[in-house]
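Reviewing the structure listed below.
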Amino acid sequence: MMKRLWPLLLILLCPFAEAQTYDFGFQRDLSVPVVQQGRRLAYPWAGGMNSVHMSEIDLNGDGKKDLFVFEKNGNRILTFLHTDSGYRIDPAYAAFFPTLHDWVILKDYNHDGKEDIFTYGMAGISVFQNVSDTVPKFKLITKQLEAYYYNGMSNIYASPDDYMAIEDVDGDGDIDILNFWLLGKYVHYIRNYAVENGQGEDFAFKLEDECWGKFAEGESNNEITLHISCEEKGDGDGVPKHVGSSIFARDLTGNGLTDIVVGDVDYPNLILLKNGGTHEKALMTAIDTAFPNASMPVNLFSMPAITFVDVDGDGAEEIIASPSDPSLTKSQNVESVWLYVKDSLTGRYELQNKSFLQEDMIDVGGGSYPVLYDWDGDGLQDLFIGNYGTLDSAWFEYGYLKTAYSSSVAYYRNTGTAAAPAFELVTADFGSLCQYGLQALYPAFGDFNGDGRTDLLCGQRDGTLLLVANMASADALAFAAPQFNYGQIDVGDFSTPCYFDLDGDGKNDLLIGNRRGHIVYYRHIASSDIPQFELVTDTLGGVDVRDFELSYFGFAVPCFFRNAQNQTILFCGNEQGYVSYYKDIDNNLDGVFTLKQSALFEVRNRRKYDIDEGCRVAPAVADLDGDGYPDLLVGNYAGGIAWYKGTTPPDDEVGIPQYSDSTITVYPNPATSHVRVAMDYGCDKVLILNLQGQCVGEQQIANGSFSVANLPAGMYILRFYHRQSVVGTAKLVKNG
């Protein structure tokens, strides 16, 4: 027992020199009602869906298979519990999963009735065993699943963009792998000999066939060629060009052999390849390009992937299809989760729903930019949501997929009370802007032409602003045609304006985020009713939300507001999915704002969890229930909104989630000068403790490594942090 407790004791003995205090408290809230087209949404604040892959798993130990949803756009996890009346969303279960990215497949490889995790892990496959008891728990088995290739062991290749098939291909009781090889075209069959070896092992992989099924996928398209010799090496330069596919494997024809369904990058359809060979030698003998039925086949740009899930609990599995293209701007993003149900009479799968679960969420397509403003003047904050856009059309140009998106602004009127907000969709195209084929419209509100009516000002993808003048009387909606290039303002790409009186002179200024991750400050200098703006700085407060280890861009989305003490506060969204909090702004407009928290967090059961909503998040803040605490709405690239209710700020003793040390590897160990760290949870800082629990060093982790050159020889405890949260500990031996 003491062996397991002593690292925690050291943590208590070695606190930071300065205790952490918090100004805000937040907790996920799913209760605020939302109505669309006369129907109350079941999961309005789930956060939306674009490109998802679903798997079944028992999350709460009740014997029913629940639903695990992995959203590729931002690596989000959504968890739904299976109840007698259908699915009930419960986001708390997502926190039990390790950090997962690019693709995730749940599959019970050891036949214990618990689905394990297969996921992308640095050009390979990482595996976590499901060791759940009263709550979900996962143990890292390997960071790189290996197989015997030719004359030695090597990691099984995996692309971050592909979905492979993890299935018992030969019917011997253990899982095998079908995966397109490094440059595409052929499918590798990686057979598992665990059962044959009879040694109680789970994985004993070997490359069995370099051209399983004797077919090839086109080098520059999704055409399938059957009965090939498997000796072609591509076109004239000898390098196949085709990479990017999804594979699903199952006996779909009833002959006892494994068939496959293939989706392809840039293409919207799925292709069924029927196996007419044997268990020992697969041979694809027929093709169906209109899966799962000719009258209504899957048609989802781009690279659809499927899974089978028993969504209604009747024992018969349904098909769920969704795009899996890695690009944020190539796929369908509304009606992008298709559900097919098997007809008991015909045996065919029929399309039942194009937006399974998605239809019960606020989901505005690609990108979601919430803004709160009392449009109708009833004293209640209404909700407006801009977006990057929804897919208008797709076409091929010189063999490459081209797509067109149109952005819009949705208007949800607050129909509740000052203590109990509720929202109803009025229009999905406020200001009638969808017709112009713009992208990344971000709304702001104010009287910009001096006529006493509130106008709509929008940032957009090209970094300029457009003004939509309000021409209505009373509560009607009537607008003039948009005036482009408003004020000749251009902040680069992806302008996100906030109209706010920053300097306290009684006139609202323009504070505009951009793709570079900065905030541009235009001061309101007009003495008349018609605003005029003057550029003050393009790096207000020194704010820079970029993470150079991940991207050269930041996609800053600022939300300025004043707290109960009348202090100016900034919450800022970014590309990485976190909301940062800045203070010390008043009387410091020429200086650097204080970054109080790099990531806001919520508290559950006295544990803190970063508010991480995927990628390209956008915050909106207001006290929407009149309790004195600001509530936080967070949009994300999957097109939805997450609602976090403001609560009493937590004390500085609030706990943090503790993760298993088995997920951390430090090497070399023993070390002499530098140490590299590999772990399943991001980390940016390490505290070094001696065996007496004393802090002897602190290092920032850059590019996965840190220096121990100045440490005396001996044994140390490493405590790793990510955004102020402890994410694990490890032992280190330092040589002299």
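As the structure is a computational prediction, the values presented were derived from the model and not from experiment.
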Nearest-0.5 Å distance, [atom1] of residue [X] to [atom2] of residue [Y]:
X: Ile224; Y: Ile287; atom1: CD1; atom2: CD1; result: 6.0 Å
X: Glu208; Y: Lys281; atom1: CD; atom2: NZ; result: 7.0 Å
X: Tyr349; Y: Glu317; atom1: OH; atom2: CD; result: 7.0 Å
X: Thr142; Y: Phe203; atom1: OG1; atom2: CZ; result: 8.5 Å
X: Asp325; Y: Lys330; atom1: CG; atom2: NZ; result: 4.5 Å
X: Ile175; Y: His111; atom1: CD1; atom2: NE2; result: 8.5 Å

Can you check whether [Y]'s main-chain N or O pairs, donor with acceptor, with [X]'s side chain at less than 3.5 Å?
X: Ser673; Y: Ser707; value: no
X: Ser322; Y: Ser336; value: yes
X: Lys72; Y: Asp102; value: yes
X: Asn130; Y: Glu115; value: yes
X: Asp610; Y: Asp612; value: no
X: Ser324; Y: Met303; value: yes
X: Trp338; Y: Asn299; value: no
X: Asn574; Y: Val617; value: no
X: Thr307; Y: Met54; value: yes
X: Asp288; Y: Ala290; value: yes

Given the rule in the side-chain contact (heavy atoms from CB on, under 4.5 Å) test, do Val675 and Leu732 qualify, once you have shown the distances and angles that lead to the verdict? CA-CA 9 Å; Val675 175; Leu732 174 71; 4.0 Å; yes
Residues [X], [Y]: salt bridge by 4.0 Å N-O rule:
X: Asp209; Y: Lys214; value: yes
X: Glu167; Y: Arg250; value: no
X: Lys65; Y: Asp58; value: no

Grab the two heavy atoms, one from [X] and one from [Y], that are nearest each other, plus how far apart they are.
X: Ala730; Y: Val666; result: CB-CG1, 4.3 Å
X: Ile260; Y: Val262; result: CD1-CG2, 3.7 Å
X: His53; Y: Ile105; result: CE1-CG1, 4.3 Å
X: Ala158; Y: Trp103; result: CB-CZ2, 4.1 Å

Test Val52 against Val337 for side-chain contact (heavy atoms from CB on, under 4.5 Å), laying out the working first. CA-CA 7 Å; Val52 297; Val337 186; 3.8 Å; yes
Decide side-chain contact (heavy atoms from CB on, under 4.5 Å) for Asp116 and Gln129; before the verdict, give the C-alpha distance in whole Å, the side-chain angles of both, and the deciding distance to 0.1 Å. CA-CA 5 Å; Asp116 309 295; Gln129 182 185 352; 3.7 Å; yes
Would you please test Phe68 and Phe80 for ring-ring contact (aromatic ring centres under 6.0 Å, His included) and show each step? CA-CA 7 Å; Phe68 169 92; Phe80 294 83; over 10 Å; no
With a sphere of 6.0 Å drawn around [atom1] of [X], does it hold more than 12 non-hydrogen atoms of other residues, nucleotides or ligands?
X: Lys206; atom1: NZ; answer: no
X: Asp133; atom1: CG; answer: yes
X: Glu146; atom1: CD; answer: yes

Proximity of [X] and [Y] rings by center, below 6.0 Å:
X: Tyr193; Y: Tyr148; result: no
X: Tyr267; Y: Phe396; result: yes
X: Phe308; Y: Phe248; result: yes

Please report the C-alpha distance between Val311 and Ile320 in whole Å, then the side-chain angles of each, then the deciding distance to 0.1 Å, and finally whether the side-chain contact (heavy atoms from CB on, under 4.5 Å) criterion is met. CA-CA 9 Å; Val311 300; Ile320 297 175; 3.9 Å; yes
Take Asn197 and Glu201 through the test side-chain hydrogen bond (donor to acceptor under 3.5 Å, both in side chains) and record every step on the way to the result. CA-CA 8 Å; Asn197 291 349; Glu201 56 192 347; 2.8 Å; yes
Which is it for Asn222 and Asp264 under the side-chain hydrogen bond (donor to acceptor under 3.5 Å, both in side chains) test, yes or no, and what are the steps along the way? CA-CA 6 Å; Asn222 69 337; Asp264 192 79; 5.4 Å; no
Please determine whether ring-ring contact (aromatic ring centres under 6.0 Å, His included) holds for the pair Tyr400 and Tyr398, giving the CA-CA distance in whole Å, both sets of side-chain angles, and the decisive distance to 0.1 Å. CA-CA 6 Å; Tyr400 292 94; Tyr398 303 110; 8.7 Å; no
Give the C-alpha distance, both sets of side-chain angles, the deciding distance and a yes or no for side-chain hydrogen bond (donor to acceptor under 3.5 Å, both in side chains) between Asp251 and Asn275. CA-CA 8 Å; Asp251 177 12; Asn275 191 348; over 6 Å; no
Using the rule given for ring-ring contact (aromatic ring centres under 6.0 Å, His included), can you reason through Phe97 versus Phe138, listing the C-alpha separation, both sets of side-chain angles and the distance that settles it, and then say yes or no? CA-CA 7 Å; Phe97 287 82; Phe138 301 93; 4.8 Å; yes
